[in-house]
Amino acid sequence: MEKRELTCIGCPMGCQITVTLDGGAVKSVEGNTCMKGDQYARAEVTRPVRTVTSSVPVTGGTIGQVSVKTAGEIPKDKIFDVMDALRTVRAEAPVSIGSVIAADICGTGVDIVATKNVERKAQ
Amino acid sequence: MNTVKIAIIGGGPAGLAAAIGAREAGEDSILVLERDRLSGGILNQCIHNGFGLHTFKEELTGPEYAQRFIDRAEELKIPCRLNTMVMDISAAGDGSSDKIVTYLNREEGLVQLRAEAVVLAMGCRERPRGALNIPGFRPAGIYTAGTAQRLVNIEGFMPGKRVVILGSGDIGLIMARRMTLEGAKVLAVAELMPYSGGLKRNIVQCLDDFGIPLKLSHTVVDIEGKERVQAVTIAQVDEHSTPIPGTEERYECDTLLLSCGLLPENELTSALGADISPVTRGPEVNESLETSVPGVFACGNVLHVHDLVDFVSQEAELAGRNAARFVRGEIPKTEIPDIRVTAENGVRYTVPEIINTDRLEDTLTLRFRVGAVYKDIYESVYLNDRRILHKKKKIFSPGEMETIVLKKSAILEVPDLKTITVKLEEE
């Protein structure tokens, strides 16, 4: 049996939740005071995911950096792989919100998309 | 002299929403004055997600949230002067309630603009080191969290490699994660209070996810380094916020980030002579979000510091709409006296703080903050001695702004209304 301690992010209560696992299967969730906590804890111990946001250099634009995000959530343990991959990514203006800056980042099946419009600088 | 019906000072989330609110209320003559090279304000550097859940029912990043309002303002053909700094707002001094807005930019030089109404939307500023009384040297490497955020996200520079953060406000927490993702080592976040002012979600996803310790009831007691920060010492504090000898921990680092609170930026407001609340440090406003200077409205972080931009947008839209009503003479004149809202027993302040029932629209939205963490306690509203709202909540936290909506009809039911009180009650 494995026990995992979590802080719920559902509301400002921040309930301390203990999840008991047996071979990867959730046996019990304790410490939460509502169903939101139960759902959060189960998802967090079995398949934790995060949205990663960053910014990358953009060439030929009116500004030098464009903010980006993963278009969907990626496994939490891939965060640093994605950040490493982003270090060499460059965008070229014009860019608009939602444009794919890097497709299928690190084999996650999730694209990196722009979250800001960058116009092309007049020559 | 150039004239405009409504001048809006600031093109961030509050200014944009106020402009949209005024235009949608039918006002044609609006000008937004923005000092940055882009509109959107601080959202441009808040590249993390989590914005707009209330407004759009989806999680957007800051720039995406801003763009929705920029697009709407463009659709409505609202003019915005960028790279434009407002220097002064004064009464026209000719017996009218008009204001003279003095601004400066490269194309026009110094301009005086006559406006019938003004909406203040200048936002807030971070509390700098000079306001914190931290001992030690004054080397390079000490930044407010927001400055670091701008350097990393907009300019593309990393301000340091080994980092200690003082203050656990949301910007500090967000920057702990951002610096970590960009390859820095964040050694600790020290928080003077026994609780964090940041959202739980940020504590988990910005600190816990990366094993960054949050040291509650701790503060910085020394900064070493003459040219550049070399080390920072933190110590535990007692209940009077005094450092406890023997609890010092020294961290070798090159950077100290400060996330120690935000202050509304009210130099223009004070110079204009508007009454400033000593609690919020923003102007006191009435139910129409009008300051003590007739025709001058306020919204967003210049009024009181918000934690969610959704509420800034709602509040600003109302301020813009009321500015439009003001210039059309639609805000009713009244004979009855204003009522001051009393905040007591754990409630630090309310916005608005002044109510006149003759001027109320169908509902009155009161926003407030508490002064400490309270659990299993009721929020109550009294009109004179009559309790018209009594609602139990599991938790109230200083970091979360609370909202109460009262119906005008319920307020008018109370005869001879003299006092409105918002307070917390055990039962």
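Every value quoted in this text rests on a predicted model; they were computed, and no experiment measured them. We use all heavy atoms of the structure for the numbers below, so side chains are in, but hydrogens, waters and symmetry mates are not. Within every chain, numbering begins at 1; the chains are lettered A, B, ... in the order of the sequence lines, protein sequences first and strands thereafter.
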Check: B/Thr147 side chain, B/Ala145 main-chain N or O, donor-acceptor pair, under 3.5 Å: no
Proximal component of B/Asn202, with respect to chain A [non-hydrogen, under 4.5 Å]: neither
Expected output: side-chain B/Thr350 to main-chain B/Leu366 donor-acceptor under 3.5 Å: no
B/Phe210, part contacting chain A, at a heavy-atom distance under 4.5 Å: side chain
Part of B/Leu181 within contact of chain A (heavy atom distance under 4.5 Å): both
Main-chain N/O of B/Leu216 paired with B/His218 side-chain donor or acceptor, under 3.5 Å: yes
Top of B/Val152, B/Ile203, B/Leu38, B/Asn153 for chain A proximity - count of heavy-atom pairs under 4.5 angstrom: B/Asn153
Salt-bridge criterion met for A/Lys76 and B/Asp209 (N-O under 4.0 Å): yes
Largest heavy-atom contact set with chain B, pairs under 4.5 Å, which of A/Ile79, A/Thr33, A/Val68: A/Thr33
Pair B/Ser397, B/Glu400: side-chain N/O donor-acceptor within cut-off below 3.5 Å: no
Whether B/His48 and B/Phe51 hold their rings parallel, tilted or perpendicular, with breakpoints at 30° and 60°: tilted
SB check B/Glu182 B/Arg178 (cutoff 4.0 Å): yes
Heavy-atom pairs under 4.5 Å with chain B, option from A/Ala114, A/Ser54, A/Pro57 with the top count: A/Ser54
Part of B/Arg177 lying under 4.5 Å from any heavy atom of chain A: neither
Pick from A/Lys69, A/Arg50, A/Arg87 with the largest number of heavy-atom pairs that fall under 4.5 Å of chain B: A/Arg50
Option in A/Pro48, A/Gly64, A/Ser67 with maximal non-hydrogen atom pairs under 4.5 Å from chain B: A/Ser67
